[in-house]
Amino acid sequence: MSNINIHAPTSSPTSSLASNPLTSPRKTHVLIDNLNKSFSGLPLYIDFNLKISRGDIVSIFGPNGCGKSTLINMIAGLTEIDTGQILFDGKTLTETKIGYVFQNYRDALFPWMNAWSNIAYPLKRSGMSASQVKDRVEALIDLFEIKFNLKQYPYELSGGQQQTISIMRALATDPEVLFLDEPFSALDFEMTLFIREKLQEANLKTGVTMLIVSHDLEDAVFLADKILLLTRRPTRIAAMLDFDLERPRKAESVSDPKFIKVKAKALEIFQNEMRA
Amino acid sequence: MRFKWTIRLLPLVGPVILYILWATAVSAKWVSAALLPSPLTTIVYTGHVFVSGAIWGDLWSTVQRTLYAFACASLVGVPLGVLLGSSPPIYKSVEFLIDFFRSTPSSAMIPLFMLIFGITDINKIAIAAFSAVLVIIFNSAYGVMNAKKTRVMAAKTMGVSRFHIFKDVLLMESLLQTFIGLRTGISLALVIVIVAEMFIGSESGLGHRIIDAQQVFNIKDMYSSILITGALGYVMNLIFMFVENRLIHWGGKV
């Protein structure tokens, strides 16, 4: 329904995000145009429009059953759309490299491969040479400061380690867009902090656009440049909030006045929607 | 330590009870000695047929027939099952046939197979292979159909080709269930081989040995042949479990 304005950086021009050459033009990256989707006759999305800027971390938050995951699954091509168009910088999905991190890492990793091979798998299948694959995996190991033994199989790792491997695998091919479906919901707090930090680093380093579905408001606000608040079905955009707290955001950032203000605003909009 | 030892000895409790019951039944004359030799006599006799070499020919015949039947059944069953499983409409269209013949005791088909193959070794292998192939097809097909959708989706988001999704993900996913089919298949094959050796004019094999011993009232030989047949089935299962645990190391852990 409502078109979302292209985001102009409101933070100080010296912030590392604004100076990132990949993100500074703030071009529309993901464009959803007149999307329609119903499930067994019940409309979920009617003429839905959305623009997401390149390099933004967008958190998607909304009431239960509003189709948060369906939305990213449609963008990622895992769920078919009825009508409409989804473009990435004008390209179709097949011309675009994406990464996807699932909520349930246990079901998403390949248990017949060790952790290293899991990360390397998409690279091998993209036709890279063995030495290129090795270099790329080593780079990811450095970025994520992995200390545990990657020769282990996924089922030998802790939940947090498994989700870390999932994220590394999703980032391996250097995707343009990274989708994360409730990536923290099965993790303890320590691991959540670690993964929040690493996702910010990956975003700063590569300029990857991120779409994160969350059912936890604090998680949703913490990483976001934009918080996309959805209504109940048929789903519309309730609001798209900007959140320009400097990066990297640390665990303490949750007590920052800016954080508290945005979270309160999001909560207010959410509650209004629930009453509506 | 002592506690651990007791736990380790637990699996022996059942066999010991059986031995005592059997020995008592014979010595207390619950059963006529003409129908049931004492367990010790049977075990000594079993040792004797191995040492004298009398059993090896029959044992080898049965093992060979079972393995041939099993090899034929897996070579046909696994690829066919995977193929059917990857196309649910095709599986649906043959599901009734598979379920019907899977539910038909294969021994009921022995006369039919005798008409086709005559009283030959091929006949015994064919009927055993037939009994094993259906359960192998069924399990392989379901292994593919019940593969975790998340892993397939994960590979899809990586831009992996459909062929590689099939080979790298679906096939690997189905292995666990496929192995259940193979393990059941080899047990069924052994059952049918033994039955066929008993009733389709046979010159060799454990089934032949059991029925022959019974006909001439060689009771010790009959019981020892039954014991050996049981041990053969058990060992085949053990080997399978070992290979399975090595090959599908993630089984039961995810």
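Each chain gets a letter, A, B and so on, in the order the sequences are listed, and its residues count up from 1.
- Residue V152(B): no heavy atom, backbone or side chain, is found under 4.5 Å from chain A.
- Among the candidates L109(A), D107(A), L93(A), T96(A), the residue making the largest number of heavy-atom pairs closer than 4.5 Å to chain B is D107(A).
- Residue-environment remark: CG (N64(A)) stays at or below the threshold of 12 foreign heavy atoms within 6.0 Å.
- Applying the side-chain contact (heavy atoms from CB on, under 4.5 Å) test to L112(B) and every residue at least two apart in sequence or in another chain returns M109(B), I116(B).
- For R125(A), the part lying near chain B is the side chain, with the backbone staying farther off; criterion is any non-hydrogen pair under 4.5 Å.
- Proximity to chain A among residues 125-136 of chain B is not found for any residue, judged by heavy-atom separations below 4.5 angstrom.
- Of the residues considered (K149(B), K156(B), M158(B), R151(B)), R151(B) shows the highest number of contacts with chain A, using heavy-atom pairs under 4.5 Å.
- Atom NZ of K91(A) has more than 12 heavy atoms from other residues, nucleotides or ligands within 6.0 Å.
- By the neighbour-count criterion of 12 heavy atoms within 6.0 Å, atom CG of L247(B) is densely surrounded, having more than that number from other residues, nucleotides or ligands.
- K124(A) contributes atom NZ, which lies 11.5 Å from atom NE2 of H164(B) (distance to the nearest 0.5 angstrom).
- Using a 4.5 Å cut-off between heavy atoms, F179(A) does not touch chain B at all.
- In the displayed structure, Y68(B) atom OH is contacted under 6.0 Å by at most 12 heavy atoms of other residues, nucleotides or ligands.
- Note on G251(B), S161(B), A154(B), A155(B): by heavy-atom pairs under 4.5 Å with chain A, the leading option is A154(B).
- A 4.5 Å side-chain heavy-atom check between F110(A) and M172(B) finds every atom pair outside the cut-off.
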Inset, instruction - Decide side chain to side chain contact (heavy atoms under 4.5 Å, CB included) for L175(B) and W112(A); before the verdict, give the C-alpha distance in whole Å, the side-chain angles of both, and the deciding distance to 0.1 Å. - result: CA-CA 10 Å; L175(B) 271 187; W112(A) 47 86; over 6 Å; no

Inset, instruction - Evaluate side chain to side chain contact (heavy atoms under 4.5 Å, CB included) for Y100(A) paired with M153(B), printing each intermediate quantity in order. - result: CA-CA 9 Å; Y100(A) 197 117; M153(B) 289 199 291; over 6 Å; no

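- Within a 6.0 Å sphere centred on CD of E80(A), other residues, nucleotides and ligands contribute 12 heavy atoms or fewer.
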